[in-house]
Amino acid sequence: MADTKALTTRAADFSAWYNEVIMRAELADYSPVRGCMVIRPNGYAIWEEMQRALDRMFKDTGHQNAYFPLFIPQSFLSREAEHVEGFAPETAVVTHGGGKELEEPLVVRPTSETIIYSMYAKWIQSYRDLPVLINQWANVVRWELRTRLFLRTTEFLWQEGHTAHATEAEAEAETRQMLGVYRTFMEDWMAMPVLTGLKTDSERFAGALRTYACEALMQDDRALQAGTSHNLGQNFARAFEVTFQTAEGTLDYVWSTSWGVSTRLIGGLIMTHSDDNGLVCPPRLAQYQVVIVPIHKTDEEKTAVLDTAQRTRAVLAAAGIRTHVDAREGIKPGAKYYEWEGRGVPLRLEIGPRDVAAESAMLARRTGGKKEPVPLAGIAERLHAEMNRMQIELLEAARARREAASIRGATREQLIERMAGPGGFVYGGFCGAASCETEIKEQTKATIRVLPDPEFRSPVAPTRCLWCGQPSVAEAVWAKAY
RNA sequence: CGGGGUGUGGCGCAGUCCGGUAGCGCGCCUGCUUUGGGAGCAGGAGGUCCCGGGUUCGAAUCCCGGCGCCCCGACCA
């Protein structure tokens, strides 16, 4: 079970702390397979809440779910030149089945563009068939050299949207729309502020025209790419002969997009909010939003307390609040507090004889604030308000941390200094040359996370590349990334 | 793939240098007393000491060869 000692602190060793938070909260565990993790019920519950919210947003923007095979004929991957170059080195390949060597090896999907476009080629004939707006919830496999729980594992869970459109403008609008959906989800559900913007060529998805991303800053001031949305142009349409007849009777290749977020988001959630006592989970994604801990000595007290606890749970459940009564016996209340704190439960209600008598409960928040009695009358409304406030406070606290760790209009020296020291986001001019990007990466370990969208750009646009001094073509944000 | 670390009941570790048949803490089970911030006492269960070979009367310990895992780096949408 969960161990009972203090966690390594964030300040002492952020990586150790991160792993311990996961173990303490029982979110995941290492598996017998190298690089693969087991997502335990507490972790999977967060993923399910994420899925629920995202899936609703996908449906609301007109998408449907479908499912494509795990196995992809190896030849499919090589049809798009950049794509195969990007993914071939990290694929797992099945060469035998049913005891016999396969005629053509099957790649375990690292992403599903190729098999999906092979089907779109069959399904799309006319502009009347467009747009095709499909999402898939699936697992994928990428043979990574070095793995970390949730952040980079050999197998991971994600969703991948794959859409096909009649025009370039429509595809671009879809790409941007889904980036916006991700941003909304990350901010409003995860309480994790993100920068949005364009990736440079070197960070672009293999086979895409343009890649947009949501970039978050973790508590150790390293960046996490939290979601990507790609405008694939006609690259995959050409490779897979996905053509359609236009209203004018001409033949054209479809314009397509793909976009995805993964269980990596859980890693982002942990590293954005959690503290030295364990997981902090924003209320909207918490498995249990409220845990009720009954306190009693005598049997008589126990009956009354449990009755009040259960009635309160029913009231909260009826109000749509996910509530759990921890009625385990033989465990002292204090031990339960520590356990639920480590698991990140946003709110805790303690109900003892005194509370029963006063028709109230003691309310404790996972983040900050004193314990205080709240009347049972109207408690659902009160807890809803608390959770809404906590949701906003978590987002604002994370945003404040990010801004405190960001510098704008940086010079070359400042970039070097920042990356050698605290990290964080460094805004500065960029000449657009891959050579500068490479040099910066070699010398500072920092990469361009995004060329930020207008709302994230600095009030004064940089005029010179902070590295080479040539005219700047775009403001860029550098950081050391996960 | 390079560097470092580490493999001993479920977890964390001691024991290894100097060979003598395995111990501590936590957790787990039973009972009693407890329960408003990590309970106490008593009793108990649980171990191929990572694997293979060698030396020896005898190996967790010494020698040889493997393997796993973690961290850092390289790699990575």
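So you know, we letter chains A, B, ... as the sequences are listed, proteins then strands, and number each from 1.
Separating the P atom of B/A39 from that of B/G27 is a span of 9 Å, rounded to the nearest Å. With P as the reference atom, B/A14 and B/G9 are 13 Å apart, rounded to whole Å. B/G7 and B/G15 have their P atoms separated by 10 Å, given to the nearest Å. Comparing the P positions of B/C32 and B/C51 gives a spacing of 41 Å, expressed to the nearest Å. Separation of the C1' atoms belonging to B/A59 and B/C17 is 15 Å when rounded to the nearest angstrom. A gap of 28 Å separates the C1' atoms of B/U35 and B/G12, to the nearest Å. Between B/C29 and B/A45, the distance separating the two C1' atoms is 7 Å to the nearest Å. Nucleotides B/C63 and B/G23, compared at atom C1', are 27 Å apart to the nearest Å.
A salt bridge does not link A/R152 with A/E90: none of the charged nitrogens is closer than 4.0 Å to a carboxylate oxygen.
Taking a pair as Watson-Crick or G-U wobble with both distances under 3.5 Å, the runs of three or more consecutive pairs in RNA chain B are B:1-7 with B:67-73, B:10-13 with B:23-26, B:28-33 with B:39-44, B:50-54 with B:62-66.
Nearest to the side-chain atoms of A/T111 among the listed nucleotides B/G38, B/U35, B/A77 stands B/A77. Distances were taken from every side-chain heavy atom of A/P353 (C-beta onward) to each of B/G36, B/A39, B/C71; the shortest belongs to B/G36. Checking B/A74, B/C71, B/A77 against every side-chain atom of A/K445, the shortest atom distance belongs to B/A74. Nearest to the side chain of A/S15, among B/G38, B/C71, B/G36, sits B/C71. Comparing B/G36, B/A77, B/A74 by their closest approach to the side chain of A/F205 singles out B/A77. Checking B/U35, B/G38, B/A77 against the side-chain heavy atoms of A/K297 singles out B/U35 as nearest. In this structure, the nucleotide among B/C71, B/A77, B/U35 sitting nearest to the side chain of A/Y30 is B/C71.
By the 30° and 60° cut-offs, the orientation of the rings of A/F14 relative to A/W17 is tilted.
Atom CZ of A/R152 is separated from atom C1' of B/C71 by 15 Å (rounded to the nearest Å). Whole-Å rounding puts the A/E90 CD to B/C75 P distance at 14 Å. Taking atom CG of A/L7 as the reference point, atom P of B/C26 lies 19 Å away to the nearest angstrom. Nucleotide B/C26 holds its C1' atom 15 Å from the CD atom of A/E339, rounded to whole Å. Protein atom CZ of A/R148 is 18 Å distant from nucleotide atom P of B/C75, rounded to whole Å. One atom, CH2 of A/W143, and another, C1' of B/C75, lie 16 Å apart when rounded to the nearest Å. Per the geometry, CG belonging to A/L149 stands 12 Å off C1' belonging to B/C69, to the nearest Å. One can place CD of A/E144 at 14 Å from P of B/C70, the figure rounded to the nearest angstrom.
Taking the centre and axis of the six-membered ring of A/Y212, the NZ or CZ atom of A/R176 falls inside the cone set by 45° and 6.0 Å.
In summary, the aromatic rings of A/Y117 and A/Y120 are positioned with their centroids under 6.0 Å apart. For A/Y253 and A/F240, the distance between ring centers is not under 6.0 angstrom. Between A/F58 and A/W259, a ring centre-to-centre spacing shorter than 6.0 Å is recorded.
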* Asked: For A/D201 and A/R204, what are the C-alpha separation, side-chain angles and deciding distance, and is it a salt bridge (Lys or Arg N to Asp or Glu O under 4.0 Å)?
  -> CA-CA 5 Å; A/D201 288 353; A/R204 189 164 40 82; 3.6 Å; yes

* Asked: Can A/R328 and A/E339 be said to form a salt bridge (Lys or Arg N to Asp or Glu O under 4.0 Å), step by step?
  -> CA-CA 12 Å; A/R328 289 175 298 173; A/E339 182 173 323; 3.4 Å; yes

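Remark: the A/E300 side chain and the A/T298 side chain contain no N/O donor-acceptor pair separated by less than 3.5 Å. Side-chain contact of A/T257 with A/T163: a donor-acceptor pair under 3.5 Å is present, judged by distance alone. For the residue pair A/H230 and A/T211, a side-chain donor N or O sits within less than 3.5 Å of a side-chain acceptor on the partner.
Partner A/Y337 forms a side chain to side chain donor-acceptor pair (under 3.5 Å) with one of A/R348, A/E350, A/K332 and no other, that one being A/E350. Between A/E172 and the choices A/R210, A/H165, A/Q177, the side-chain contact (heavy atoms from CB on, under 4.5 Å) rule is met once, by A/R210.
Look at A/K332 and you'll find a side-chain N or O under 4.0 angstrom from OP1 or OP2 of B/G36.
Here A/Y338 lies parallel enough and close enough to stack on the base of B/G38, with planes under 30° and ring centres under 5.5 Å apart.
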Check: protein-nucleotides 42-45 of chain B nitrogen or oxygen pairs below 3.5 Å:
none

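The number of heavy atoms from other shown groups lying within 6.0 Å of CD (A/E85) does not exceed 12.
Looking at residues 215-222 of chain A, you'll see that no heavy atom sits under 4.0 Å from any atom of RNA chain B.
On a pure distance criterion of 3.5 Å, no polar donor-acceptor pair joins the side chain of A/K371 and the base of B/G36. For B/G37, its base sits under 3.5 Å from the side chain of A/E341 at one donor and acceptor pair at least.
Nucleotides of RNA chain B nearest to A/A481 and A/N19 differ in position, and the one nearer the 5' end is that of A/N19.
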